[in-house]
Undergrad: 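Input: one structure, supplied below.
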Amino acid sequence: MKGKLGLLASLVLVCNYFPVATAQGSPNSKNAVVVDGTNFELHGDHVSYRFHVDDSTDDDHPLAGDLLLDHFGGSVFGPIPTELVPSTNGWVGMQGRVRREFPDQGRGDFRIPAIRIRQSEGYTVTRLQYQSNTVVPGKPALPGLPATFGSEEDVTTLVVHLYDKYSDIAVDLSYSVFPKYDAIVRSVNVTNKGDGDITVESLASLSVDLPYQDLDMISLRGDWAREARRERKRVDYGVQSFGSVTGYSSALHNPFLALVDPSTTESQGEAWGFSLVYSGSFEVNVEKGSQGLTRATLGFNPKHLSWKLGPGETLTSPECVSVYSKDGVGGMSRSLHRLYRKHLMKSKFATEDRPVMLNSWEALYFDYDQSTINRVAEEAAAIGAQLFTLDDGWFGVDYPRTDDDAGLGDWVPNPARFPDGLGPLVENITDLKAVNSSTNLRFGIWVEPEMVNPNSSLYREHPDWVLHAGSYPRTETRNQLVLNLALPEVQDFIIDFMSEILNSADITYVKYDNNRGMHEISSPSNAHAYMLGIYRVLDTLTAKFPNVLFEGCASGGARFDPGILSNFPQIWTSDNTDAVDRIFIQLGTSLAYPASAMGAQISSVPNHQTGRSVPVTFRGHVAMMGGMFGLSLDPAAIPEHEQAALPELIALAEKVRPLILKGDMWRLNLPEESNWPAILFISEDGSQAVLFYFQLNPNVNHALPWVKLQGLDSQAMYSVDGNQTYSGATLMNVGLQYEFDGSYGSKVVWFEKQ
Ligand code: DGJ
């Protein structure tokens, strides 16, 4: 140890060679990846990501062959100053003082590693050193996992090959750059090249080391009916960790992280966004190490991994999307939204028009028969719905689903409720003319395929199909157990019964629900094996039924993640349909996910979850900020004045829909910070915009605030609701004022560029 008390005595240069990179011009898929020897540059329109291989020639040097990150932030070209690193005084080795691209463990870096492998001999040391690289036009698919996609015009991939010669483990890091979206997507392949078994105990899809600087971290936490609450806090020394061990992504935390400069706001400042394309248990760590550098890792939750690899076998991690913006948290979100709409969501409905839906859940719950359903469907068509969805309760023969304690798993219509089966019911409903629409009413159905009630024929026949751990009691949640989708026979069962239902009648929409977490899994690795199973099921079903609009759901938004979005273009955002709470939930969700992906509906008042009463216009305005506008109430119970407001609300929802589905979202005022939450959507070509403006509490005898727009063309003129015309500069620098009458006021304002 050099120097007294381990004080830092000198500075050393970690790497002393950088090439003089040439300016490559504006990035496109051709020059988004620049490889110069062992120096790597990834470029988006406004982002650069640069790393290199440590060039120590002495293989005994602890960093020899290590990948070191030089920069992840705004665009740079040419040489960048070499990072100065305090010399190795103290316990922390050189590996713990530098910015490592893929930190292994057991060799003096005491921070969170990106990988931890248990060798057959029992030790967990790894030393992954650079071997070679490959550049691939486009982006190869990830075997069995959801992933972003794009053509050779959209994306380029760099694969860096690492090898641990002491235990014969190969690791490939794949970096795919989508220049237009300032997005870099990383995944990791681990291959056992040795003779014995190894176990991957932890694996981060992404690990990134940012330099010494103050940072805030933003995450989304919650629970049932209060999903996606935005949480911002300073990154402190030590590890700050969150994740899910529920087996699914969950409502407890979302697989999303933002790191931002402490001065960053919604509209300005540096923001790094990270979004894990996975629907299972995950872990996010943010660690400010003893040297002050910040490391973030996102990937599998190690508590649900322990993945054994025999000789020649490979484990592929889910991918993690990173975006960077200088335009604040809003800029970061818009990059993710655009990328996800165009390069993650496979469904044709991702940006396609969707019908106005009436869902039976909050109208009837489990309490109905065929005539009630016919009555509600007729009334739905008469008030302007274009799709009627039959929610929970339609199935079960020996164990009829008339409550939540029976029937899951028995996907045959309940003969007591539907004596003629689904076919005639659907025909009857799809014969109804939807008022003010050129189409007939469409039919949608609810399913919860991954679950089973012990009170079901399926469970009697296949008790071994559920997740269980030996003779431990199989604990129930909502009276149900989880089918083990790691089993191919369970996957096939779901594919078969779903195909049968969808082939049996003209069903154009499916609400695919999932209402509990996993308990008693047989081994930690069962959790990821389940995920591979569910992705096979979803891929198969959505490929087989491309014209069916699938909406994901998990007790509301407990599986609102990019893995699900890859197959389902829409996810039910929350069971909480209270419009005020929904502003918080939908805006929180929008940190990572586009508005087009959010299911939102008008429900009745007093609200069933909160007891609050909010005017129907306010409820309608909040609901039309989602991808599919709808209602979840009994039409017969709608008061007359609300009935009268519906046609106009539906017409407005249809008018704004293209902007919600394809436009950019600007969060002007957040509900956490303002009594006047405000959201602006601007069409893709910038010619139209729509402002949603709300007042939560009364503003008695007090001046009115101005709402300043963003993202407009300052030089252009815009007509406001077809009346007055103002310049973009005026709308953004002066703003507009609106007056509301008491609590829960709302206003939708339409802008046309002249
Ligand atoms: C939970 C969902 O989030 C609800 O919308 C509803 O479909 C129920 N399940 C039905 O059991």
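Just so it is clear, the values below take in all heavy atoms, side chains as well, and ignore hydrogens, waters and symmetry mates. This is a predicted model, so every value here is computed, not measured. First listed ligand is number 1; within each ligand, the first listed atom is number 1.
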Undergrad: Inspect the contact between D410 and R401 and indicate whether a charged nitrogen and a carboxylate oxygen are less than 4.0 angstrom apart.
TA: no
Undergrad: Check each heavy atom of N515 against ligand 1 and say whether those closer than 4.0 Å belong to the side chain, the backbone, both or neither.
TA: side chain
Undergrad: Is any side-chain N of the basic residue among E642 and R619 closer than 4.0 Å to the acidic one's carboxylate O?
TA: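 A salt bridge is present here (some side-chain N lies under 4.0 Å from a carboxylate O).
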Undergrad: So if I count the atoms of ligand 1 from 1 in the order they appear, which ones are less than 4.0 Å from some heavy atom of C553?
TA: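 Here the atoms of ligand 1 in question are 2 (C), 3 (O).
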Undergrad: Considering only non-hydrogen protein atoms, determine which one is nearest to atom 4 (C) of ligand 1 and report residue, atom name and distance to 0.1 Å.
TA: D575 OD1, 3.4 Å
Undergrad: Does this structure show an ion pair linking K511 with E551, if we count only N-O contacts that are shorter than 4.0 Å?
TA: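 Result for this pair is no, no salt bridge flagged.
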Undergrad: Can you tell me if S456 uses its side chain to pair, donor with acceptor, with the backbone of V452 under 3.5 Å?
TA: no
Undergrad: Can the ring centres of F366 and W361 be said to be less than 6.0 Å apart?
TA: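 Centroid distance F366-W361: below 6.0 Å, so yes.
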Undergrad: Which residue and atom name correspond to the protein heavy atom nearest atom 11 (O) of ligand 1, and how close is it?
TA: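 Among all protein heavy atoms, the one nearest atom 11 (O) of ligand 1 is D392 OD2, 2.6 Å.
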Undergrad: For atom 5 (O) of ligand 1, what is the closest protein heavy atom, and at what distance to 0.1 Å?
TA: K511 NZ, 2.7 Å
Undergrad: Is the contact between A554 and ligand 1 made by the side chain, the backbone, both, or neither, using heavy atoms and a 4.0 Å cut-off?
TA: neither
Undergrad: Record the part of R478 in heavy-atom contact with ligand 1 below 4.0 Å; permitted values are side chain, backbone, both and neither.
TA: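 Side chain only.
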Undergrad: Under a heavy-atom criterion of less than 4.0 Å, does Q601 contact ligand 1?
TA: no
Undergrad: Taking the ring of F497 and the ring of F395, is the distance between their centroids below 6.0 Å?
TA: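 No, too far apart.
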Undergrad: What are the atoms of ligand 1, with element, lying closer than 4.0 Å to any heavy atom of G556?
TA: 3 (O)
Undergrad: Do Y365 and H608 have their ring centres less than 6.0 Å from each other?
TA: yes
Undergrad: Considering V447, D391, N576, which one's heavy-atom position lies nearest to atom 6 (C) of ligand 1?
TA: D391
Undergrad: Where the closest heavy atom to atom 9 (N) of ligand 1 is concerned, which of L408, T389, D513 has it?
TA: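 Checking each option, the heavy atom nearest atom 9 (N) of ligand 1 is found in D513.
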Undergrad: Look at the aromatic rings of Y512 and F568 and report parallel, tilted or perpendicular, splitting at 30° and 60°.
TA: tilted
